[in-house]
Amino acid sequence: MPTIEEGSVFEYCERLYRELDEKDGGYYPSRHDKYVFSKAATNFAITEEEVDRIFNEYSKQAADIEMEKIKRLPIAVRKKILLKKASDIMKNNRDLPFFKIEGPPSEEIPSALDLLSDEYRAVIESIAQTGWTIPINIDIRRFNELMKISGDERTLDKYFSEFYDGREFKFICRKITKAIANPAQKTIFTECVKAFESELYSVCLTTLISVLEGFISTFGDNPQDVRIMRICSFHAGEEMKKKNNIKSLCWLSMYEFTKQLYQKSDFSQPEPDTINRHWIQHGRTGRSGERIDCIRVFNALSTMVNIKQYIGSSIK
């Protein structure tokens with residue numbers, strides 16, 4: 001099954017298909033498929049077979065989501081929609097004769113990216129509000145599991161704790177280390193990992209938050225502006241305008257996460273139940289860092305790595 005990390009490949013292909021569709025006046029599989037997969041393989045340094053797998057699995061997931069919605073409709077309406085959809089798909093294929101005989105599709109074929117984006121936006125906002133962003137290496141089909149437990153904070157904590165128990169944790173640490181450009185920050189992150197593995201969770205959490213803040217700050221347009229939430233909110237909106245749906249969802253996930261992490265606090269009032277950057281970094285916290293809190297920030301850093309990887313996925 002494809003992961004969120006592989007979404008950059010799918011999104012890249014979708015953008016190329018849109019460009020070719022506009023240029024050639026429609027979709028010609030005999031010309032477009034080979035060009036798109038070859039271009040994507042070169043851009044991401046993977047095989048065309050891998051591109052084909054990722055694209056087909058993402059497309060199937062979107063189709064399954066659409067079909068589930070259609071199944072909820074009355075039988076008569078369902079049959080009508082399915083017949084119309086089958087006809088539109090045939091007419092959309094310019095290699096076939098149906099377009100010349102019957103004309104263009106009755107409506108534009110829905111974008112798989114739009115279908116996936118609409119389906120997952122609510123769950124992404126929900127889990128981020130309980131302190132969890134989109135894991136870089138999660139299988140997109142497992143979002144169905146997250147949907148079922150998105151309102152249950154304890155179950156979510158258990159889910160992510162088990163998800164990062166072992167090789168998945170080592171995987172994201174390698175990814176994060178590779179993605180950090182600043183040598184000093186790379187060293188600091190490595191020390192955070194050692195502190196975590198030594199169960200020094202308070203030390204790990206305090207330092208890890210600064211690493212996350214520094215990583216997010218590299219996406220700002222003004223070195224003097226340290227408003228982390230503004231950076232996340234801005235990019236979520238901009239990427240959606242550009243139709244970079246998956247990247248936009250990652251930024252939305254980060255915005256909801258940082259909105260909680262950077263929530264303004266009155267130090268004369270009781271400390272929030274959730275981790276708060278101001279209480280921790282200003283030395284006001286009365287809470288000891290916990291393993292699950294550290295995992296939240298490691299996970300958020302993995303989402304930022306996914307966002308950074310998209311920089312290299314622009315059409316060349």
Side-chain angles (χ1 to χ4, degrees), residues 3-19 21-22 43 58 61-62 65 108 110-136 138 140 143 146-147 150 176 179 181 209 211-264 274 276-278 296-297 299-316:
T3 63
I4 294 298
E5 184 180 13
E6 292 175 327
S8 56
V9 178
F10 178 70
E11 199 159 66
Y12 179 89
C13 292
E14 283 276 282
R15 291 202 301 273
L16 274 178
Y17 273 121
R18 284 200 302 269
E19 286 193 356
D21 188 85
E22 292 173 6
N43 192 73
Y58 260 92
Q61 177 69 359
I65 289 170
E108 187 176 344
S111 165
L113 278 173
D114 288 342
L115 287 169
L116 290 169
S117 178
D118 291 344
E119 180 74 3
Y120 296 135
R121 180 170 294 273
V123 68
I124 283 167
E125 289 179 325
S126 178
I127 67 171
Q129 287 162 7
T130 57
W132 297 106
T133 60
I134 306 174
I136 186 175
I138 196 169
I140 61 169
F143 265 81
L146 291 178
M147 284 181 186
S150 61
I176 295 166
I209 288 173
V211 175
L212 175 64
E213 187 170 311
F215 202 140
I216 297 173
S217 295
T218 62
F219 291 86
D221 56 355
N222 180 359
Q224 302 299 319
D225 191 345
V226 294
R227 292 175 296 173
I228 299 300
M229 285 187 292
R230 187 196 73 83
I231 293 173
C232 297
S233 177
F234 171 79
H235 284 294
E238 286 298 299
E239 297 303 336
M240 186 53 70
K241 288 178 188 176
K242 296 174 186 175
K243 289 289 185 180
N244 294 331
N245 299 41
I246 296 174
K247 189 175 180 182
S248 175
L249 289 176
C250 288
W251 275 117
L252 173 64
S253 179
M254 288 305 304
Y255 171 67
E256 292 294 342
F257 176 80
T258 56
K259 190 165 66 172
Q260 183 183 83
L261 181 64
Y262 287 82
Q263 184 178 5
K264 289 184 178 180
T274 57
N276 183 279
R277 182 263 184 199
H278 306 302
R296 291 181 202 278
V297 187
N299 183 63
L301 274 164
S302 84
T303 302
M304 289 305 304
V305 170
N306 194 34
I307 289 169
K308 184 174 182 179
Q309 288 178 340
Y310 271 85
I311 294 174
S313 68
S314 58
I315 295 175
K316 298 180 177 70

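Counting begins at 1 with the first residue of the sequence.
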Could you pull out all residues at least two apart from [X] that satisfy ring-ring contact (aromatic ring centres under 6.0 Å, His included)?
X      : answer
Tyr17  : Tyr27, Phe55
Trp251 : Phe219, His235
Phe257 : none

Task: With sequence neighbours excluded, residues passing side-chain contact (heavy atoms from CB on, under 4.5 Å) with Thr274 - done: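 Listed in chain order: Gln260, Pro272.
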Open item on the list: I need the minimum non-hydrogen distance between Glu213 and Arg277, along with the two atoms involved.
Closed with: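 Closest approach of Glu213 to Arg277: OE1-NE, 3.1 Å.
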TODO: For Cys232 and Ile216, work out which heavy atoms get closest and say how close.
DONE: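 In this case the closest contact between Cys232 and Ile216 is SG-CG2, 4.0 Å.
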Task: Val211 and Ile176: CA distance, side-chain angles, deciding distance, side-chain contact (heavy atoms from CB on, under 4.5 Å) verdict - done: CA-CA 10 Å; Val211 175; Ile176 295 166; 5.8 Å; no
Gap between atom [atom2] of [Y] and atom [atom1] of [X] - 0.5 Å precision:
X      : Y      : atom1 : atom2 : answer
Ile307 : Ser253 : CD1   : OG    : 8.0 Å
Asn306 : Leu301 : CG    : CG    : 12.5 Å
Ile124 : Cys250 : CD1   : SG    : 7.0 Å
Ser217 : Ile231 : OG    : CD1   : 5.0 Å
Asn299 : Met304 : CG    : CE    : 12.5 Å
Leu212 : Ile228 : CG    : CD1   : 7.5 Å

Using only atom types and a distance under 3.5 Å, with no angle test, would you say the side chain of [X] pairs donor to acceptor with the backbone of [Y]?
X      : Y      : result
Thr258 : Met254 : yes
Arg296 : Thr130 : yes
Ser233 : Arg230 : no

Task: salt bridge (charged side-chain N to carboxylate O under 4.0 Å, His left out): pairs with one or both residues in residues 251-261, sequence neighbours excluded - done: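 Matches after skipping sequence neighbours: Glu256-Lys259.
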Sequence-distant partners of [X], side-chain hydrogen bond (donor to acceptor under 3.5 Å, both in side chains), two or more places apart:
X      : answer
Asn245 : Asp114
Asn276 : Ser265
Lys241 : Glu238
Thr303 : Thr133

Open item on the list: My understanding is that only residues two or more places apart in sequence, or in another chain, count here; which of them pass salt bridge (Lys or Arg N to Asp or Glu O under 4.0 Å) with Glu239?
Closed with: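 Checked Glu239 against salt bridge (Lys or Arg N to Asp or Glu O under 4.0 Å); matches are Lys247.
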- [ ] Walk me through it: do Arg121 and Ser248 pass the test side-chain contact (heavy atoms from CB on, under 4.5 Å)?
- [x] CA-CA 10 Å; Arg121 180 170 294 273; Ser248 175; 4.3 Å; yes
Open item on the list: Let's go through Arg227 and Phe234 carefully: what are the C-alpha distance in whole Å and the side-chain angles of both, what is the deciding distance for side-chain contact (heavy atoms from CB on, under 4.5 Å) to 0.1 Å, and is it a yes or a no?
Closed with: CA-CA 11 Å; Arg227 292 175 296 173; Phe234 171 79; over 6 Å; no
Task: Mutual orientation of the aromatic rings belonging to Tyr58 and Phe10 [parallel < 30°, tilted 30-60°, perpendicular > 60°] - done: parallel
